[in-house]
Structures are given as C-alpha cells and as structure tokens.
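Notes follow once the structure below has been shown.
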Protein chains: 4
Amino acid sequence: MSNSIGEKFKITSFGASHGTAVGAVVDGCPANLELTAEDIQKELDKRKPGTSGVTTPRKEADEVQILSGIFDGKTDGTPIAGVIFNRNQHSKDYSMFKDTPRPSHGDFGWMMKYGNYDYNGGGRGSGRVTIGHVIGGAIAKKLLKTQNIEIVSHVTQIADIKAKPQDLSVIKENIEKNPVRCADLDAAKEMEELILAKKQEGDSVGGIVETIAVGIPAGLGEPIFERLDGDLARILMNIGAVKGVEIGLGFDIASKTGSQVNDQYQVTDNEITTKTNNSGGIVGGMSNGMPIVSRIAVKPTPSISKCQDSVDIEKMENKKIEIKGRHDPCICPRVTVVAESSTAIVLADHMIRSGFIHPTNLENKI
Amino acid sequence: MSNSIGEKFKITSFGASHGTAVGAVVDGCPANLELTAEDIQKELDKRKPGTSGVTTPRKEADEVQILSGIFDGKTDGTPIAGVIFNRNQHSKDYSMFKDTPRPSHGDFGWMMKYGNYDYNGGGRGSGRVTIGHVIGGAIAKKLLKTQNIEIVSHVTQIADIKAKPQDLSVIKENIEKNPVRCADLDAAKEMEELILAKKQEGDSVGGIVETIAVGIPAGLGEPIFERLDGDLARILMNIGAVKGVEIGLGFDIASKTGSQVNDQYQVTDNEITTKTNNSGGIVGGMSNGMPIVSRIAVKPTPSISKCQDSVDIEKMENKKIEIKGRHDPCICPRVTVVAESSTAIVLADHMIRSGFIHPTNLENKI
Amino acid sequence: MSNSIGEKFKITSFGASHGTAVGAVVDGCPANLELTAEDIQKELDKRKPGTSGVTTPRKEADEVQILSGIFDGKTDGTPIAGVIFNRNQHSKDYSMFKDTPRPSHGDFGWMMKYGNYDYNGGGRGSGRVTIGHVIGGAIAKKLLKTQNIEIVSHVTQIADIKAKPQDLSVIKENIEKNPVRCADLDAAKEMEELILAKKQEGDSVGGIVETIAVGIPAGLGEPIFERLDGDLARILMNIGAVKGVEIGLGFDIASKTGSQVNDQYQVTDNEITTKTNNSGGIVGGMSNGMPIVSRIAVKPTPSISKCQDSVDIEKMENKKIEIKGRHDPCICPRVTVVAESSTAIVLADHMIRSGFIHPTNLENKI
Amino acid sequence: MSNSIGEKFKITSFGASHGTAVGAVVDGCPANLELTAEDIQKELDKRKPGTSGVTTPRKEADEVQILSGIFDGKTDGTPIAGVIFNRNQHSKDYSMFKDTPRPSHGDFGWMMKYGNYDYNGGGRGSGRVTIGHVIGGAIAKKLLKTQNIEIVSHVTQIADIKAKPQDLSVIKENIEKNPVRCADLDAAKEMEELILAKKQEGDSVGGIVETIAVGIPAGLGEPIFERLDGDLARILMNIGAVKGVEIGLGFDIASKTGSQVNDQYQVTDNEITTKTNNSGGIVGGMSNGMPIVSRIAVKPTPSISKCQDSVDIEKMENKKIEIKGRHDPCICPRVTVVAESSTAIVLADHMIRSGFIHPTNLENKI
C-alpha cells in the first residue's frame, strides 16, 4: 500500500478509525513558516462530526498533537508529524461486517486484497483517515498564505437543489453561517431540510462541492504527465465518495463550440488575463493566473439503515445487511474541508516544484 | 519538467511536433511478452490524422521503430524505446505565434514557464506528443490481453448529439465502421455532419469519450492515495483537451440517494458480483471485479480560424489572432485511442503493483 | 527535505533528539505478518545507549508504541506508525552551539541550508533519529525471516585492532557476549580497552562494521540504476558517520587480477553456487544466491571534549569550541544495529519489488 | 526493471550492446542552457574503446543524435533524447554464453531473473549501456558549468601501482596525456605496461578511480535519506565493476581518532572553510563548500581468456568456459568518464532540488 502523496511537499498518512491513532507526516515544508497546533486544529474542527443535525452525531475530540518539525515557533525544514489519539470509538458495532461487505463501501476491496481486514468502524477505509489530509492541508494552506494564495470549498448542490453562484467574498462569509457550508443561504436552508428528511428515512444524499483557489501565478504545473489539472483530479478523486472531477466548465464544455468557450486574452493594467475563465485557471496542464475552479461529484453516503442485499464472502452465499449506527446522511459539508486540504496540498507541492517557493528555506528569495 | 508516468510500468515520453522525433521509453514491462512493432503501429494508426474529413487533413506517416527491449520476438525485461521520426511538418506556419498565445491553448503557460518556447506546431504541447502515450498504451494492452483484460474507448457525445448506449460487443464492432468512433451508427452520422458543418464555419466542437475495461480482478488499486480511480482520473485529465473525468454514474450520482445507487452484492455461479454498476467498477479506490467505466469531457479544439483576441506578451499589448492551418474540427475521435492507451497504462501498472502480473518475468506464476 | 526511503517497503522517519518524539511510518509491509511492539523493542534495545562504558552514559528509555497497522496481532497492509516519546533530554547543554558549528558534525550544513536549526542535542541531525531506521529494520527483519533470510552486523575493526574472521554461527553467538559487538573475543577485549582509554583522553575512535545477509535468492536487484549494491551503498552511506562502503572484497579487489578474483560457478546438489565469494553475493547489481557481505568505514565520533577551532557564523569570526557532554567515544557498537536495519530495509524492499514476496498479502503465494 | 535515476534532473536509459540503439532521455534540465550534440559527443569520445592498447580494440563509432529538447540552440525545458545507433557488433561471438554464465559477470542474474536474456555482447548488461550515463552526464556537466562547478575523474591506482597525489590543475592537464588517464605520468607509464602485460597473459587488472568536484556551495544534499554522500555512493556503486565507494579519507578514517581527523573551521577572507578536508566535502549528508572527493574500487574486467569453471544452467551440470573476444584488460581508464558523468548527474539533480538552480528556466534568478 502506498500512503504518500506529493513530490516536494509530501504527506504520509497513517492510522485507522478505531485503532490507537490517526495522523500524518508532512515532509518537505520549507523552514521558517510560523506554525502552531492551533493552525491545524482550526481546520480539523471544520471536518469534525457531531456539530449539527446534517452530520453524524458521533462526537470526536480530534485534538491534534505535533510531534516534530517545529522549532522556535517555526518549521525547521524537518518532517512535521501530527497525530490524534482515537477516543469514543464503539467497536462493538461492526463485527457483523467481518465477512459481509457493505454495498458501495470499499470494504469488499479490503477483504479481497489484504486478507486481514480491520472492519471496526471501516478501519483505514473510514472517512476518519482524511484527518491526515486535513493535517497536510492545514500546513499547505498556511504556506500558500505567505504567497497570498487562498482556497475555499463550498457546497453547490445537494440532490437536486442547486445553489446560485456567488462572489468569492460572499462565499467565504456565508459558508460559516450554515451547517451545509453552502454560500446561497436560501438553497442552504432547503438542503438542510432535505438532508434531515433523508436521515429520517434511513437514506442518504449526494451533492457537488466546488473549490476555488485564487492568487496562483501563471506557470504552475508541468505540461505532460505532471499537469496541475491531472494532479488535482487525482487527489480529488482520491477522496472517498467522489465519482467525478471537473475543472472550469467541465462536462458542460462537451456541448460547446470553440468560439463559445475559448478564453481570449487581454492586457489590462499591464497584466495579462483572460476575458472569461471557462478553462478554470488551467490550460495545457499549467495555471494561467486566473482562479482555479474545480467541482467534485460526491455520492450519497453508502451507509444507510435500509435493508440491502449483500453476501457472506466466506460461505459464498447471499445475505441481507442492515447498517445501523451513527452515519452522515450527507457527507458533502464535511467533504468541503477535505477538498480544500487536498487542493492546498497539490498547490503547495507545485509552488515548490516550479520554483515559486524556495524548497528548503522560506526566507530565501527565489 | 517531468515526462514520466507509472510506478512499475512506466512511460517516459519525449519529442515535439516539429522536432526530429517523438517517442517514448516504456520501462518495467516484464520479460517474455511477445511484441512486434506492428502491435504498436496498429494502435498508432488509429490516432493518425488525415484519415477522414472529421480530422485534420495533415498526413503523418508515423511509422514506429523499436530501438530496444525485444529479444527473440519477446520483451526481455529491459526498457522498450519506440521512436517516430517526424516528417511532413510545415514550420513556416507558426512563427506568428511566438509571442502571441492562442486562446485556450497551453502556449501561454509554456511562454511564462520556460522562456524558450518551441512554437512550431505547438512544439511539445502539440497533440502529436500523445504518440508517446499510444506507444506505451499499445504495449500495456498487449500485456493486459495475456490476463484477458480488454479496453475500448468510444465517442458517446458530440456537442448536443448523444449516442444511445450499446452492448460492448456492438461497441467494438461499430466504432470501426465510422470516422467518429461512435457505437450508435445513427448518432455517428449526425455527429459527422455536425463536425463537417462546424469545420466549414471555421469553428470546432467538443464531446464525451467513454472507456470500458473488462476482465479486471477485484483488488486493483490502493485504498488511500494511490487509488485506481485517482490514478485513472489523473492520466485521463492529463490528456490535452480534457476538462472533466467521471467514473460510473459520475456527476449524475450527486442528485441521487444511497438507496437508489448503492451497488448491492450477489453470489451467482460461485462468483460475487454487484447487481448494478453505478460505481463503475471501482469502490474505495479498488476494483471490485465489475467493468471499469470512465467518461471524459473533451473541449472543442481551441485552434479555430475565427478572429480572436489575444496579446503580445513581449510588447504587453492587445493583438488580434487568426489561426490558419489544418486543425481537427473535433478531437474526440482521435482522443479515443489516447484514452484507451492511458487507461491501459494505469491498469498494467496496477496489475504489476498488486501482484497479479509478475514484475520481472511473465512466465513466472504469481 | 525528504525523509523517506524505499519503493515498495518504505520508511518515512520523523522527529528530533530533543523534540516531542521520534519515530517512523513503515508503509508497504504486506498484510498477515505477525508483529508486536516487542519485535521492535528488542532491536531498539540493541542501539540503546548507557548499557556499557564504551557508549554514552546517557539513559534513554526508548519505549516504542505502535499507533497503527496491526490488526488481530498481524499486519493488515496499512502503514505501521511507531513512535517513541522523548524523555531525559538536557537541552541546557547545547545553546552554545547555536551559531558555532562543531568540527566534522553536520550542523554547519543545517545552519546554511534551513536557517532555523534546532541545535538541541543535534536536533534531527542527532544519531537518535536512527530510531526510525531501527523501527523500519525490525519490521523488515521479521518479514525477511518468513523467507529464511537472516542478517547480522558485527564490528571487525576499531582503530588499528582487527578482528579475526569467524563463522556466522560464532559471530551470532559472540557479539552478544561483549559490549563492542565484535565476534573475535580477544580482539573485543582489546577494543574495549582502547575505547575506554580514548574516552579518558576526551578523544574518540573509528572502526569498521561488517554486515552479512544469508538466504537471499538469486535475482534480487535490478541491473542498471536500481541495483542491489547501489541501494545498499546508499542506505549504508546514509548512516551518519559512514565514509566508505564496500561489497565483497571491496577496495582490496583493486590490486587483483581477474584470474585471482573471478567467482567461478559450480553445480553441487543440484544447486548453482560460486566457489569463492569475492563478489560478496552481488554481481551485475543482482544477488547471486551467495551471502551478501558489506563493510562500512565508521569515522571517530566528531564530538570530542578537546579544544577545537570553529567559527561564529553570525559574527563571521574564529572561535574556539569545547564539546562537553556525554558522548560515545566510539559509535561502532551502536552502528551495528543501524547497519543491520538499513540492510534489512533494502532487502525487504527488493524482495517485494522482485516478486519474491507478495506485495499486499503475505499469505498469497507467488 | 527501473532504468531511471534522479529526482528533478532525471536520466532514463535504454538499449543493449548489440540491439538497434542505445541512448537516454534526460528529463528536467531547465530551459535556456546552450547545448549541442558536440557537447555530448566530446564526453562520449572519452569512453570510446579502440583508442589505445589498454582498452578493447573494438571500434565503436558512437555518434550521438539528439532527437528532442533543443530549440534555437538552447534547451527548452522538454526532455532531451539522445541516441546512438549500434554498428560494428559481432553477434556471432556470444551464442556460447546463452546458458553458461561467465564468472563474476552479471549474466547469471539476468538469466535467473528475466528468463529471456539477450546474451549478445552482454546485452543490456554490457558496459556499452553506460553511454546513457555519459549522455546524461555531459548535459549535467554543461549545466553545472554555468554555476562554476567542475568535475574531474582520474585513475589513482592500477593493481599495486599507486599514483602520487597531484594538484587539480596538474590532474586536468596530465590525464589527457596518457591512455590510462592517470595524473602521475611516471606511474601512468608503469600502469600502461602492466595492463599490456596482463593483456598478453589473457588476464585483467583492477584499480581505483578518484573524482573531484569543485565549486559546490554549502548545503547540497538532505540530511537523512537523500544525503549527498548516499546518492553519490549509490550512483557510483551502480557502475558495473565497482565494489567499493569512499568519500574523503574513506576506509582510512576507521583507524583514526577524532582529534586526528575532525575538520576544524576557520574564517578567511569572510568565507568559512575547513583547515583539512578529511570529510571530502560532505558532512551530515550535506556539502560544506569544500571539494567533494570520492574514490571507487574497480574490479578487474571479469572477461578473461583463461579457462574458467562455469555451469550449464539448463542441464544443471559443470562446464568449462573460455571467453574469447576483444575485451578491455583494464576498465579503469574508461570508467573515469562514467564516474565523472555519474557524479555530475547527482550534483545537477541536487543543485536543482536544493534551490541553487531554478527548476524550469536557467535565466530565472534564485
């Protein structure tokens, strides 16, 4: 198994839902970035469950401890290990899933591939392991902030309810005002009601999460196999429930003509920009200086309490399954922070790789 | 720049549109795979332009030469270098683009990032460099065939014209019968007419390409950062004109409930399958034994002959641009072979990585 | 900075001498290997200081805690994080080295490169960070044992005192009988006395550590750039005090003729072996089935209490330095376990990479 | 198999001794380096055989052709593919080695590991594949020259004949004056005579090659697993006939005390240097600004015409072997250029990785 991502700014993640701890080692962060445990805790708190009716009622304390990599309040160039010791895990709930894979869950793959599957709470297949992504993302965001790069993710659709587009400043303000993290407050209200209704039915719903990154210089990403769009697509598709990734116009571009969607250039104030941003800030695998806009399709949480068909993989026979427990009826609000973190990790990595941030010492000019 | 992809089955691509040659080194193919230049040529011929009205009228001979890696008609475990020497390139056409980026082309990024941009024929940013992908893909497909894995890509949409779903056997047969490589022959006819009409207008159109891979065992891909869906998303998004990637239901899953889309398990003939395949063959980052289905959104070719706004990056002033030349009015038909190749590269790599194919010698049982 | 090594069996190390903790994440160990914290603790205890007069009198508890990767007493294929919280560190001893590099220590590089140097106890440049190597090595050794591969390191020279060659079984027995970990007990006694004499003088001595690995199948390692000898040389040279690495006859081979040193083949008991092992088990970058024998040159501990010349890098002026504290007068005995661990990491990695051990599940036959 | 080395400045090598071609793709060289085929040819000519009695009388034209990566006389940031088509290969000489490994040759490993071994001229195990190293090294040296870094390798020992130490300027001048590439002209004469005498006997001799690199800034290399000394040790040990690598004092340091060998610092002319260079320019895995000095132990060419014992691996029986053909009686003179190239590749890679050379565009200041 490989649990690392990134080339220069690299995350190695570890831990399982009901094991001793979950965490990540962040390697390659240049020295002299001011960093505290609070910088990471703040991001972790956004993905914490139990904060509203639209997420799982499980309480997770999720207090991060930094084990290494900080000296005198600043990074010192050495790996930053962040760890959260697990608490409040109810392992009694899961033994029934030992040989019975849950529909559309990853556990079937785990059983087939490794032959010693920690089925408690989804083991390492649990959404809880995205804590590692968020630790990495929090540090990446802090690093990007020194370059005036900002990233925000928000929910744009839940089931059939679509949010109206908003300005970035509105998005940043409004997502903190509702548990769905949707910038259109009217839609947010509807979304919340729908999620609660589905929860009552023992069902779940999917949605779409958009991520916007601003302040990126032109020339990030490499044009053939280590493209910025390819690397973003990978890390976003790697998020557990994601089944689609698009940049800029995305799938809508398929029905357009070149003359409709080409982003034409202009010089204004001695700066080159494009008049439209149908490319979502990336052309030819490289950033063009415009905001980078991606969207991901998030499937409905597969854990639903309705009765479903499954199998006993040991006995090789059919078997019904009912998944009780405290599951998120909709994962989208919590996915926003993971999407933000994942985007930040890729951008921080490429900022170093492309020479915009010095690889070893942030104080060195480049 | 990094021009390699893959961990165990690795492609390193080189060359530019109007340079001396384009090619690829394929490293990590196990020994004892029967392989000839014809195996590769056959695939290259599919992406060759000039074969119908819907692609560019440029003629490219594209005869591949294998420089290494074959002994006694079989791979010997050493790197396979494939090269095509360039001919029929008209460098005189391109000097006007030296400092004037074409809208929605990658050339702006090249200019910003490298400062010595080979603008002839798009240089290394040209679609012609996908020859490297196809060389790698042809070998990957031959390797996968030994494991009874088959991959096929076809056009499912051009502009607003959508093909009706077809069975795999029909798809394989029908795509060879029309220049659009669409399996619905009625739609294919309409698509062809639309493309030719847009060509007349000096415009271009986008579309959607679907890839189906069958015969993959359960357990391919690693569950966290080197997921099969993530790696597919990356390599597909890396294809020049792609702005979106989806697996299984893709973006449609966002509007569904868990009870509508969960893939429930069943045992039939002592085999575990799912009753539906909304997951597109991948759950939790790992294959589940069902067909792997992906779709990519392909943007309209940005090279159109209509007048567009651009800039002179040296003089930092606005400038009009008209792109004459022999461009594809729709890139989708030729993208099919690149999507097929890219998918094959990722699957071959993961088949070795997961222990389904022996890493050094195909005759060794695993 | 990059703190990872290995391709399939990969170690990511973290932590500093006087920070909160030191540890490592071991990624890529196949599932179903029986493993306990004791397996790791046993190896860590060998490198623990304070156990005899020939090492530093510092006491380090060094109790390892496994945070992840074990389920039901066996590895489950997920990353194994091992951590040791630091105790008994005297940070007051080191502030004088903030701007004054110690001769032949790494700290000058740290100061130049990162600009925020944790000078306490050598920070991450301390020998204490080899705890990460030993955690990885302990797991690698357990994994290799399932394939009947055994590795042992011993001291063959301290200053001018050279041990007489011994059989493997004698080596294994005798190194536990003396604090120098030398298999020639007479030489060991002399070495111990010399080390204690140098300690009295406030000086230190170097030596040579040999590592022997038996049971390795032929065909490990790849012939060009990922050779077994190259990878061993790298990981051994990476050990802090090492200034030379040799395989088989090593530097003595330079003065020989081909007819003197070529290892001629023979068939005995339906097995191919070589009559001599001047190659040290590796030819053409690949193992040949004979014992793998390496030796490393270990420099005298640079921390000596004699007065030395140094500089103040802030003031850019000359400055005398005296390094007080509890330093090892000879690092060789403790280096043995690090050499053993490092060798085990490389061999485990290549056993998986070459298909001798299944990459995901130890119970799968290959 | 993996045929790549380097992280940012990366070489992918391909080709076999008697195949169609040998070559390399050099990826990651920043744009705007002036480069011609002659720059590479000049280095290749140094390793060319047939130029004196001390090397093989085989003639190899070895004319390199650059296929990509150069635009307007300068690198453009894209991969540089260099290829040499093979000529003058006598495949008839080698069929007898199909199932009979040559003592101390790599071919036994190839037979065991890949099962389809190109035995002609040693196939990909031939020293001829170091052409790939030299292509990479020539580009690396040109890149390093822009930073005033210079690298030179010379023979310091053949069998028991040791050269007297010389100043760098003398070394550079004298190695061109004799076929052994030894800087001590008296020793060179003796070495030449000894090699010719051994050739007459059908035997071969080993030796030692030293490499000196000057002009390297302090802070190259990373302190734990991607150390400069570790990376140099790996690439040097990867050279076919090398059995030992040492840096600075190397194995001699084992018999010294700390007070004898510690490199003490001094400030002179507002620059920090060390009074001695026993560390060979690398401490704690990082360069310290002093010349980087390494030595490698080169074994006698294993191909000797004397009768030797071997086996038939198919029949599993003993068999005598006599290796006729045109072999180098001593490989050391030709190894010098490979050592120089290998050192250059590692240094160029680390210069980019550590931020001393801009990763994409040489004209960008860092």
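In what follows, chains carry the letters A, B, and so on, assigned in the order in which the sequence lines appear, proteins first and then strands, with residues in each chain numbered from 1.
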Checklist outcome for this item: The single option from D:Q308, D:H105, D:K306 that satisfies side chain to side chain donor-acceptor pair (under 3.5 Å) with C:N262 is D:Q308
Item to check | Part of D:V129 within contact of chain C (heavy atom distance under 4.5 Å) | outcome: side chain
Checklist entry - Checking heavy atoms, do the side chain of D:S4, its backbone, both or neither come under 4.5 Å from chain C? => result backbone
Checklist entry - Tell me, side chain or backbone of D:L220 under 4.5 Å from chain C's heavy atoms, or both, or neither? => result backbone
Checklist entry - Where on C:E317 is there a heavy atom nearer than 4.5 Å to chain D: the side chain, the backbone, both, or neither? => result backbone
Checklist entry - Going by atom types only, do D:S354 and C:K113 share a side-chain donor-acceptor pair under 3.5 Å? => result yes
Next on the checklist: At a 4.5 Å cut-off on heavy atoms, which part of C:V311 comes close to chain D: side chain, backbone, both, or neither?
Outcome noted: both
Checklist entry - Is chain C contacted by the side chain of D:E271, its backbone, both, or neither, given a heavy-atom distance below 4.5 Å? => result backbone
Next on the checklist: Looking only at heavy atoms and a cut-off of under 4.5 Å, which of D:K299, D:M112, D:K319 has the most pairs with chain C?
Outcome noted: D:K299
Item to check | C:M237, part contacting chain D, at a heavy-atom distance under 4.5 Å | outcome: both
Item to check | Test item: C:D203 side-chain N/O and D:T257 main-chain N/O as donor-acceptor pair under 3.5 Å | outcome: no
Item to check | Closest non-hydrogen atom pair between C:P300 and D:K256, with its separation | outcome: CG-O, 3.2 Å
Item to check | Part of C:P101 within contact of chain D (heavy atom distance under 4.5 Å) | outcome: both
Next on the checklist: Among residues at least two apart in sequence or on other chains, which ones pass salt bridge (charged side-chain N to carboxylate O under 4.0 Å, His left out) with D:E7?
Outcome noted: A:K8, D:R353
Next on the checklist: What part of C:I296 gets within 4.5 angstrom of chain D, counting heavy atoms only: side chain, backbone, both, or neither?
Outcome noted: backbone
Next on the checklist: Whether the side chain of D:Q264 engages the backbone of C:S310 through a donor-acceptor N/O pair (distance < 3.5 Å, no angle test) should be reported.
Outcome noted: no
Checklist entry - Got a sec, which residues hit salt bridge (charged side-chain N to carboxylate O under 4.0 Å, His left out) with C:K243, two or more places apart in sequence or on another chain? => result none
Item to check | Under 4.5 Å from a heavy atom of chain C, the part of D:K275 involved | outcome: side chain
Checklist entry - Is C:D309 reaching over with its side chain to a backbone N or O of D:Y265, donor-acceptor style, under 3.5 angstrom? => result no
Next on the checklist: Counting only non-hydrogen atoms closer than 4.5 Å, does C:I313 touch chain D with its backbone (N, CA, C, O), its side chain (CB onward), both, or neither?
Outcome noted: both
Next on the checklist: Under a 4.5 Å cutoff for heavy-atom pairs, which residue among C:G106, C:G258, C:G109 has the most contacts with chain D?
Outcome noted: C:G258
Next on the checklist: Tell me if a side-chain donor or acceptor on C:D263 pairs with a main-chain N or O of D:P103 at a distance below 3.5 Å.
Outcome noted: no
